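Okay, so here's the structure we're looking at.
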Amino acid sequence: MDIKSIEKVVSLSKRRGFIFQSSEIYGGLASTWDYGPLGVEMKNNIKNLWWQDIVTSRRNVVGMDAAILMHPEVWKASGHVQNFHDLKVDCKNCKARYRVDHIDLSKPCVRCGKTDWTEPRQFNLMLKTSLGATADSDEVTYLRPETAQGIFVNFNNVVNTARQKLPFGIAQLGKAFRNEITTGNFLFRTREFEQMEMEFFIYAEDAKEQLEYWSQERLNWYKKLGVREDKLRLRPHDKNELAHYSTACYDIEYEFPFGWSELEGIADRGTYDLDQHNKFAKKKQIYFDQVNNQHFVPTVIEVSAGVDRAFLTCLVDAYREEEVNGEQRVVLKLSPKVAPITVAVFPLVKKDELPEIAEKIFTEIQTEYSAFFDIGGSIGKRYRRQDEAGTPFGITVDHQTLEDNTVTLRDRDTMEQVRIPADKTLSELKKRLQNA
Ligand code: ATP
């Protein structure tokens, strides 16, 4: 996939109802996107798969859901007010703006070819808002730039109620906001996005082992979403990339058309966050260890992923253009776990009782899988539409159904069509989806 192909993914996303530009009828709002009917289903599938993998399937991880708005002191304690800056330069000639860590200042601007940079300047990435009726400076707070702090400030509340002992994790999924200066690459870097984060609290001496464990767990999760293995890598951070409190960190990266880019960070954050809140807040966040009969602040390994980046990865990774009988077919080879629709049901024509039979099959499938009923247009066009939506299976009811009570099952990837008994449709689908 070349760099231009991201535009093809944008166009398919709009055409099929995955993603629309935000406020499009007003000319759009830069770097904000809306999820359409197919997009929201796929996004929910990704979020559910994360929750299932991180929370539901583990005994020692619990979930929570904190408010987006938090006390402004939180962001002083966390270091975001002081340190959450990006260094930016502008090209004086064409006014393009870049993050200093994304370019080589000794080289010309990639947009206009001139080398005429402004001095680097700091931009705080937090989005300010004010609470209450007046925009008084006392009431200024921020839309959270990460979900993690909602977990840290509730550490004691969770420990006291969830009956967890070290090592254990607290997970959260939700919106975060950053006033990104350089945006672009579709969903990759936006000002409003969703994060899936888990803070895993441990004994300090286990940090190295736990960091390795979670890095592998998280890498495997992307593989389970069906993302091609050779497009994924785990990259350890160099010493100079590490935050001052962090001793080690991995990024999970995907090879997008615009290059290898971060999907998720797995970091050893030491005791930094809880220590900071213990300095700033009235109530202390400390763990009482019954084994050693002592109080201490546990070390934390953080896994921090972006929902929208995982979504974009699935779309880009699944996008294919193929030639079929001299015509181009665009298909999303999405894993059935992620695909917004699992099965599409088509009556071949709108008469001869075919719609009624198809409707019955559809209703049965719908009890277990996300299904779509499509009655209009030529069957070829209907198949192509579902190929673009990434729907793994199609069931067609035709005139032969009236004779022998069989239907056609079409496989999206091989386009192979086999006849199966109409009353065995659901069990046949189950069999195929079990191994998917
Ligand atoms: P980057 O270097 O790309 O700005 P980051 O290192 O600042 O990312 P983190 O603060 O570690 O990112 O955030 C954790 C995860 O949240 C990222 O790996 C990414 O998946 C997601 N994320 C962060 N910023 C954005 C954004 N502006 N748009 C979409 N997702 C984001």
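Every value quoted in this text rests on a predicted model; they were computed, and no experiment measured them. One-based numbering along the sequence shown. Basis for what follows: all heavy atoms, side chains included, without hydrogens, waters or symmetry-related copies. Atoms within each ligand, like the ligands themselves, are counted from 1 in listed order.
Contacts of L263 with ligand 1, taken as heavy-atom pairs under 4.0 Å, involve the backbone alone. With a heavy-atom cut-off of 4.0 Å, E192 does not touch ligand 1 at all.
Every pair passing salt bridge (Lys or Arg N to Asp or Glu O under 4.0 Å) that includes a residue from residues 288-311 is listed here, sequence neighbours excluded: R269-E302.
Closest to atom 3 (O) of ligand 1, if we only count protein heavy atoms, is R189 NH2, 3.0 Å. Of all protein heavy atoms, the one closest to atom 28 (N) of ligand 1 is T190 N, 3.0 Å. Looking from atom 21 (C) of ligand 1 to the surrounding protein, the closest heavy atom is G306 CA, 3.8 Å. When hydrogens are left out, the protein atom nearest atom 6 (O) of ligand 1 is E262 OE1, 3.3 Å; that is the closest non-hydrogen contact. The protein atom (non-hydrogen) at minimum distance from atom 2 (O) of ligand 1 is R99 NH2, 3.5 Å. The closest protein non-hydrogen atom to atom 16 (O) of ligand 1 is Q195 NE2, 3.2 Å. The nearest protein atom to atom 19 (C) of ligand 1, hydrogens excluded, is given as R309 NH1, 3.5 Å; this is a heavy-atom distance.
Of all atoms in ligand 1, listed by their number and element, those nearer than 4.0 Å to a heavy atom of E180 are 24 (N), 26 (C), 27 (N). Near S304, with a cut-off below 4.0 Å to any heavy atom, the atoms of ligand 1 are 13 (O), 14 (C), 15 (C), 18 (O). Atoms of ligand 1 lying under 4.0 Å from at least one heavy atom of F188, given by number and element, are 28 (N), 29 (C), 30 (N).
Any N or O atom pair closer than 3.5 Å counts here, and A305 shares no such pair with ligand 1. Of the polar atoms of F193, none of the N or O atoms is found under 3.5 Å from an N or O of ligand 1, judged by distance alone.
A donor-acceptor pair shorter than 3.5 Å cannot be found between the side chains of E41 and Y35. Defined by atom type and a distance below 3.5 Å, a donor-acceptor pair is present between the side-chain atoms of K279 and Q276. In the model, D317 has a side-chain atom that pairs as donor or acceptor with a side-chain atom of Y254 under 3.5 Å. When only modelled atom types and interatomic distance are considered, H277 and Q149 share a side-chain donor-acceptor pair under 3.5 Å.
The distance between the ring centers of W214 and Y250 does not fall below 6.0 angstrom.
Between K430 and E368 a salt bridge is recorded (basic side-chain N to carboxylate O distance below 4.0 Å). Between R15 and E388 there is a salt bridge, with a side-chain nitrogen of the basic residue lying less than 4.0 Å from a carboxylate oxygen of the acidic one.
When each of R385, R382, K381 is checked for a salt bridge (charged side-chain N to carboxylate O under 4.0 Å, His left out) with D374, only R385 meets the rule.
Nearest-heavy-atom check against atom 10 (O) of ligand 1 across R178, E197, H102 picks out R178.
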**Request:** Would you sort out whether Y272 and D275 count as a side-chain contact (heavy atoms from CB on, under 4.5 Å), showing the intermediate values?
**Result:** CA-CA 5 Å; Y272 174 77; D275 283 344; 5.8 Å; no
